[in-house]
Amino acid sequence: CRNEIHNLPSLLISIENQTYKPDEIIFVDDNSTDETYDFLIDFAKKYDYIKVIKNSGKGKKSALIEAAKIAKSEYLMFTDADCILNKNHCRLALDYLSKNNSDMLLGAVDVTDEKGIFNIIEKIEFASLQAVTAYSALLNNPIMCNGANLIIRRTTYLQYINNINTSIASGDDMFMLHALKKNKSKINYLYNSDYIVKTKGTNSLKKFLLQRTRWAAKSLNYTDPTTISI
């Protein structure tokens, strides 16, 4: 997380309300210039299973890699600082993974309900993206994923960690997806209304267009004819 002091409280509340507590939680502060790090340190004092570290590098990919290297759990569950988890999120993941030998587990993401035309547009757009993600995964040909709701076996993540192109700002989730897919790893999709991660929308035309431009550029990095035959 970087400069997320205004978003973190909602995420932390959703973590505290989990019906199943994870083995460990690792927050990585990515060179924040606000009070994010100190805020997380104070929160972590209440729980012995929460760790807060600073990113020794720069950027989200570096932060995620550092967390993965010190984690001890069998699976890594990733989400973003501006997200909210349903109270049954961790329990549903545990139940699914205990019955399925997944290397990667994909899940849905939706924007929170807010006023404004862009919120409506984003909700429709997210729904279409999630439909493609779910449908392609169910056909055993996943072509998309979202790092805000993503689980990867830790040993698998570390095995393919070099496939994460750190020279490109975003796309850690997609680089990993295509590395696993290329190597015939088991990738599943968990659909349950309680497993949908909520994230805040842009609520601004400028931010909306900027984000979509980045997404379009990101997609070009994974153009592969073998992934579009659905």
Output yes when a side-chain donor or acceptor of [X] lies under 3.5 Å from a complementary backbone atom of [Y], and no otherwise.
X    : Y    : value
T133 : L129 : yes
N146 : L150 : no
N141 : A137 : no
K198 : V109 : no
S128 : E125 : yes
N149 : A108 : yes

Verify same cluster id: [X], [Y] (apolar side-chain graph, 4.5 Å):
X    : Y    : result
I84  : M77  : no
L180 : L105 : no
L64  : V28  : no
I196 : L92  : no

Pairs flagged by salt bridge (Lys or Arg N to Asp or Glu O under 4.0 Å) wherever [range] is involved - sequence neighbours left out:
range            : value
residues 86-95   : R91-D95
residues 139-163 : E74-R153, D103-R153
residues 1-19    : E16-K46
residues 21-35   : E24-K51

Could you tell me which residues satisfy ring pair (Phe, Tyr, Trp, His ring centres under 6.0 Å) with [X], sequence neighbours excluded, listed by chain and number?
X    : answer
Y157 : F78
Y49  : Y47
Y195 : H89
Y75  : none

Atom [atom1] in [X], atom [atom2] in [Y]: separation rounded to 0.5 Å?
X    : Y    : atom1 : atom2 : result
I151 : L190 : CD1   : CG    : 8.0 Å
N183 : Y160 : CG    : OH    : 3.5 Å
Y37  : I53  : OH    : CD1   : 9.5 Å
N86  : N17  : CG    : CG    : 10.0 Å
I15  : C90  : CD1   : SG    : 8.0 Å
I187 : M104 : CD1   : CE    : 5.5 Å

Between S102 and N188, is any side-chain donor less than 3.5 angstrom from a side-chain acceptor? yes

Does any donor atom in the side chain of N31 or K58 lie under 3.5 Å from an acceptor atom in the other side chain? no

Compare all side-chain heavy atoms of [X] with those of [Y] and state whether any distance is below 4.5 angstrom.
X    : Y    : answer
K69  : I161 : yes
L177 : D173 : no
Q130 : D110 : no
V111 : K200 : no
C145 : Y189 : no
F27  : I41  : no
V197 : T79  : yes
L11  : S14  : yes

Which atom names give the shortest non-hydrogen contact between [X] and [Y], and what distance separates them?
X    : Y    : value
L76  : A68  : CD1-CB, 3.7 Å
S136 : I143 : OG-N, 3.4 Å
S32  : C1   : OG-O, 3.6 Å
E66  : G57  : OE2-N, 3.4 Å
A67  : I26  : O-CD1, 3.6 Å
V132 : M144 : CG1-SD, 3.8 Å

Could I get the full list of salt bridge (Lys or Arg N to Asp or Glu O under 4.0 Å) partners for D38, not counting sequence neighbours? none

Salt bridge (Lys or Arg N to Asp or Glu O under 4.0 Å) against D80, all qualifying residues, sequence neighbours excluded: K60

With sequence neighbours excluded, what pairs up with L138 under the side chain to side chain contact (heavy atoms under 4.5 Å, CB included) test? none

Holding to side chain to side chain donor-acceptor pair (under 3.5 Å), I want the full list of residues that pass it with T33, two or more places apart in sequence or in another chain. N3

